[in-house]
Amino acid sequence: MLSPNDKMLGKLDPFYQPSVSKQKTSAEIISEARNALRTVRTQRPFTPQEAQRKLFGPASSRTSENRPPSSFSLHASSFESSDSRPISGTRLSPLELRINPSSSGFGSLTAWSWEGWNYTEFQLILLTLATPSLLPLLPEVLGDTSSLGFMRLKPKVPASPTREEDSCFSFPKPPVDPVKIRRVSNARARLFRAASQRALLPDRSLLPSNSKKTVESKETVMMGDSMVKINGIYLTKSNAICHLKSHPLQLTDDGGFSEIKEQEMFKGTTSLPSHLKSGGDQGKRHARASSCPSSSDLSRLQTKAVPKADLQEKDAEIEVDEVFWNTRIVPILRELEKENIETVCAACTQLHHALEEGNMLGNKFKRRSILLKTLCKLVDVGSDSLSLKLAKIILALKVSRKNLLNVCKLIFKISRNEKNDSLIQNDSILESLLEVLRSEDLQTNMEAFLYCMGSIKFISGNPGFLNEMISKGAVEILINLIKQINENTKKCGTFLPNSGHLLVQVTATLRNLVDSSLVRSKFLNISALPQLCTAMEQYKGDKDVCTNIARIFSKLTSYRDCCTALASYSRCYALFLNLINKYQKKQDLVVRVVFILGNLTAKNNQAREQFSKEKRSIQTLLSLFQTFHQLDLHSQKPVGQRGEQHRAQRPPSEAEDVLIKLTRVLANIAIHPGVGPVLAANPGIVGLLLTTLEYKSLDDCEELVINATATINNLSYYQVKNSIIQDKKLYIAELLLKLLVSNNMDGILEAVRVFGNLSQDHDVCDFIVQNNVHRFMMALLDAQHQDICFSACGVLLNLTVDKDKRVILKEGGGIKKLVDCLRDLGPTDWQLACLVCKTLWNFSENITNASSCFGNEDTNTLLLLLSSFLDEELALDGSFDPDLKNYHKLHWETEFKPVAQQLLNRIQRHHTFLEPLPIPSF
């Protein structure tokens, strides 16, 4: 019959019984994880570094036909000499010019029909003259059109211009240089817009290169008396035409006109005199709708009354620019003509500094087109160092469209060679590239962004650029770029061209950066994780994008704060499950997604619950398990063909790696009390785990076998009626025997833990005794390994619950081993000391004499140890930090002290003291 104290002791929780406390301390959580349910660790999937720098690596899902090239040719001719916005490529409708027969004197001529518009100086002159006041001059200007091969004029009513007029005018020949043609075409578009607003070609203020004086140029056209005033000289119609012939006009670099002989530059704006504004037949002039100027063009072309002081100030500014250009820039440009590469590179550096000093960077610089043409010609030199310096200046001049694309391609070509990383770092090209991403428009320059990001991706793989990229705001710029792509995709409902290609470069760069703790903190501060999830969701059909983002998450979730942040984003679980279903046979993506899920469910019980509540979450894991289990079986060699080389440790195969990560997820979510019983009752999950133990050995794949055993351990924790684990408990015990006899200590420990749960069943206890597993457990007490001794003692404790099996402790010297374990490990592990006392308590239930029960020597030792361990000052007088000391005190008070006190009282009541016991020292 048990005493009251014995009855109280009998009410203590049995080994491995789930705790019923609602709020647990950190120490209790640690204790529970050790006693029964445990999370499983594994290594992050390895990503080998690509041998060559390319936009898309060899593992890319993109074929060569549907991805931008990483190799291309680039020459000076690839750049545009004019960086202005190109005009529309739409063919314009024919222009119909109507002439008043009464005012012109050409009664037979009513209209002209124009076809075959070419971008030539001839058309620019016509547009200049195509004002209401000058319309009567057109027939005289046209003259004989039979010699104009580039233009077809079809008169609806034939007309015969006079020979006198025909002889006085000759048209300028169309330019042969394609660069000049492009310049003319750009200027033509501007002049046509001006003509459509009833404005003459703006006058320009003359600035000769060898003089500081400003000469005002005025042109006046008077149609009423057939007089034309050009540059202050009044001419008749015929003389005006001859004046055009003797002073042909050419288009200057800034879009204006100058006489070829003078080589003058014009500046300024002058409108028509007021007494001429009403002249001509204005109502009959038709302008093209497609050539209507924008509001900015109108504001620029409107006539304004400029005060004289402002004009003088502007003239002074022009004069200063001229002096700076001639004294600072021109000498440097002459240095660029030399053949020595080092000299030219030094000149480029000086040029950049000079332009910056003169406030000539950007796209407002007057001689910008000339400077760009000069710089672009040097690209053909083929020097990487020179090309980088040229690219830096060209980017600083704020080029756009094709030129921006070409300069980004130029830097991309150079950055493909790792040997050029030092050049890139010395010239601070990274800052220029980041400025492109920060300031340029994404939709307009998508392809340029692609090659710009490609260069940044290459150099991000070099640790030497890490701090520079972080300090210059690369993380914020890239996340903002992802945000723009997400918003555009959501707004338009479709992907922008090349946006997927661009995302591959952005995410690959972030993957290189997230190893830094500074980057991880930035990710959390700017809420980068939801943006990455959104991009993965929108581009779930793009395997490369999803793989890169999965690589980012696999790195981030290895850290607790980032893991918690991602786990709190509830939409991520459904996203990851969708990816598993979509790419079930794509190992490189699936293995990372499963690894991320393992990290999320490792320490967060809420994450386990949210994941399990997602639709078909368990079915998805089961389907994935079956897929890669079959792949692993097909790749498995027969036992007789493996040889000694197979026994050596080798890296897991791709299929094995997925199974390793997958069993880890199962083990982690099984910790949740609502999910664990469901998994334990799932025949598919349990069957695949047991099959893994059947055909895999520790020599084949150690981590997979251990993870599968740990998962079975967590499932065996739940003693539910429909548990498949309970139905197959004896078969599981047989499978565990091969782990016990191995030389792998981790495998032995996992097997002992499973026996600790299964040994609560009477049939399993019989199996243990019949197969001498209990002798193996007692031998493990000598291991001096706390976790192994703890698990082995748990099995022995469950065996001693059966009265018929208590005698086995004496067969192999079990009592002495338990006492030695208490003495050696008890003061540092009160949980283990509690298990030893519980085992001895069960063993001594029918005690009549302590010496005959435990043996005289072991009895005296127990009395000494228990008396000392129950003294709080002696028991807790260890050199521990405060947190660990509190942890030990908690377990000493709640677990060890009640059991040890009862055991000491029992021994003292049944023991005769012959002499005082010495006080042991620790």
Side-chain angles (χ1 to χ4, degrees), residues 81-84 179-180 183 186-187 190 201-219 231-232 249-270 300 304-338 340 343-378 386 389-399 403 432:
S81 59
S82 176
D83 196 57
S84 59
V179 175
K180 186 177 295 186
R183 289 179 179 173
N186 292 335
R190 294 194 298 271
L201 178 70
D203 292 341
R204 306 277 180 171
S205 57
L206 188 61
L207 268 180
S209 58
N210 58 352
S211 174
K212 297 183 180 180
K213 296 181 180 180
T214 302
V215 181
E216 182 178 0
S217 176
K218 297 182 179 179
E219 296 184 5
N231 292 333
L249 301 177
Q250 72 170 0
L251 185 67
T252 60
D253 294 314
D254 60 351
F257 288 96
S258 66
E259 294 185 5
I260 296 177
K261 293 182 180 180
E262 298 292 338
Q263 297 294 329
E264 297 166 338
M265 186 186 327
F266 294 90
K267 190 179 181 70
T269 303
T270 307
R300 188 167 56 250
K304 296 182 180 180
V306 182
K308 185 175 182 181
D310 292 346
L311 288 175
Q312 292 177 351
E313 182 180 354
K314 196 165 187 178
D315 292 341
E317 291 178 0
I318 296 173
E319 182 178 338
V320 171
D321 290 344
E322 287 293 322
V323 173
F324 190 86
W325 172 266
N326 292 328
T327 59
R328 294 293 306 278
I329 306 300
V330 172
I332 299 177
L333 295 181
R334 290 172 182 167
E335 291 292 313
L336 297 179
E337 300 175 357
K338 298 184 178 180
N340 186 279
T343 303
V344 177
C345 289
C348 287
T349 304
Q350 296 175 8
L351 177 62
H352 190 276
H353 293 326
L355 292 173
E356 187 175 13
E357 180 183 349
N359 197 24
M360 294 179 174
L361 296 177
N363 55 5
K364 303 300 182 182
F365 177 38
K366 182 173 60 177
R367 292 182 173 85
R368 176 172 171 269
S369 60
I370 301 175
L371 188 58
L372 283 174
K373 183 177 181 180
T374 303
L375 296 174
C376 292
K377 286 182 178 179
L378 295 175
L386 175 59
K389 295 183 180 298
L390 294 173
K392 186 176 181 179
I393 301 176
I394 294 173
L395 287 178
L397 291 173
K398 297 296 181 181
V399 292
N403 282 347
S432 301

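Only this structure's heavy atoms are used, side chains among them; waters, hydrogens and symmetry mates stay out. Computed from a prediction, not measured in an experiment: that's the story for all the values here.
Here the CE-CG distance, from Met360 to Leu351, works out to 10.0 Å after rounding to the nearest 0.5 Å. Between Ile393 atom CD1 and Leu378 atom CG the span is 9.5 Å, to the nearest 0.5 Å.
Of all heavy-atom pairs between Arg368 and Lys398, the closest is NH2-O, 2.9 Å. Across all their heavy atoms, Cys376 and Ile394 have their closest contact at SG-CD1, 4.2 Å. Between Lys392 and Ser432, the closest heavy-atom pair is CG-OG, 3.8 Å.
Under the rule for a side chain to side chain contact (heavy atoms under 4.5 Å, CB included), the partners of Ala396 that lie at least two apart in sequence or sit in another chain are His352, Leu361.
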Which pairs of donor and acceptor atoms, one on a side chain in residues 327-337, lie under 3.5 Å apart (sequence neighbours left out)?
| residue | atom | partner | partner atom | Å |
| --- | --- | --- | --- | --- |
| Thr327 | OG1 | Val323 | O | 2.6 |
| Arg328 | NH1 | Glu357 | OE1 | 3.1 |
| Arg328 | NH1 | Glu357 | OE2 | 3.2 |
| Arg328 | NH2 | Glu357 | OE1 | 3.2 |
| Glu335 | OE1 | Lys338 | NZ | 3.1 |
| Glu335 | OE2 | Lys338 | NZ | 3.1 |

